[in-house]
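Some notes on the structure that comes next.
All ligand and atom numbering here is 1-based and tracks the order in the structure.
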Amino acid sequence: MQLTDLTWPKVQALNKDTPVVIPVAALEQHGHHLPLFTDSMLLGEIVRRVAGQFENRVLFAPLTWLGNSDHHLDFAGTLSAAPRVYIDLLNGLAENFIAHGFKRIVFLNGHGGNDVPGKQALFEVRQRHRQRADLLLLFATYWHLAPNAHTAVPGLVQSQMGHACEWETSMILRIAPHLVGDLSKLATIQSGNVFEPASRAWITKERTTPGHIGDPRAATAEKGEALFQAFTAGAATLLERALAWDGKSWNA
Ligand SMILES: [Zn+2]
């Protein structure tokens, strides 16, 4: 179900154990070869595919295209909700659904910069409602929902998600090839010394001059379709788990 298509009496009449998916993405630079709306387009496609599998069992909010992209602001066109604004925005969205009676809230994320503030927002919501045991508050980034994607998809040269990379370029080639620029002159940009397992704070321009991180020249539409299928399956598995939760227990 799409929230945008319902009337308020229909929302009021829904079983409030229906999981609510809030897709969150971004509008930010994606190198010289991909459009600014890449993250929102890719998550929108995954949501479109997943929603088709769940019909009336899951409620989908419209995609929130404004994300936390402060680290990309040195590149023209990037729009960003600053971190604390973004934390408040996601807090507010979750609280709106809780006020309407919903109990299972799933943020489905399509942008790396949303990960930390998104988890912080849900942390805050949970503390605010600490007397309740009937809330399921989840935040999931789509490429983490298919941890075997790099082996399941034939021919991938990257083992993990980069930025405007083989993976994202492949998926845009699948759904909007007319928006993909010339890949032939793009260099491979390694992820560099991110000091794993520590978490190193970074801004994008110190890691890449053109804006991408990874190897976009290895992209194909076929890889893009296989990645979409892997990520869609991963998101569907998460939603089945949210539906199967017993509504009250930590372990069930
Ligand atoms: Zn992206």
Discussion item. Is the ring pair His72/Trp202 parallel, tilted or perpendicular, if the boundaries are 30 and 60 degrees?
Written reply: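 Ring orientation of His72 relative to Trp202: perpendicular.
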Worksheet item: Between His71 and His111, what is the ring plane arrangement, given parallel below 30°, perpendicular above 60°, and tilted in between?
Response: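 The rings of His71 and His111 lie parallel, inter-plane angle below 30°.
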Worksheet item: Does a donor on one side chain and an acceptor on the other come within less than 3.5 Å for Ser184 and Asp182?
Response: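 Side chains of Ser184 and Asp182: pair found under 3.5 Å.
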Item to complete: Tell me yes or no: between the side chains of Asn109 and His144, is some donor less than 3.5 Å from an acceptor?
Response: no
Worksheet item: Among His30, Lys223, Arg174, His33, whose side chain to side chain donor-acceptor pair (under 3.5 Å) with Thr169 holds?
Response: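 Among His30, Lys223, Arg174, His33, the one meeting side chain to side chain donor-acceptor pair (under 3.5 Å) with Thr169 is His33.
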Fill in: Closer than 2.8 Å to the Zn ion (ligand 1) - protein N, O or S atoms, ordered by chain and residue number
His30 NE2, Asp39 OD1, Glu168 OE1, Glu168 OE2
Worksheet item: Do side-chain atoms of Gln127 reach the backbone of Phe123 as a donor and acceptor pair under 3.5 angstrom?
Response: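 Present.
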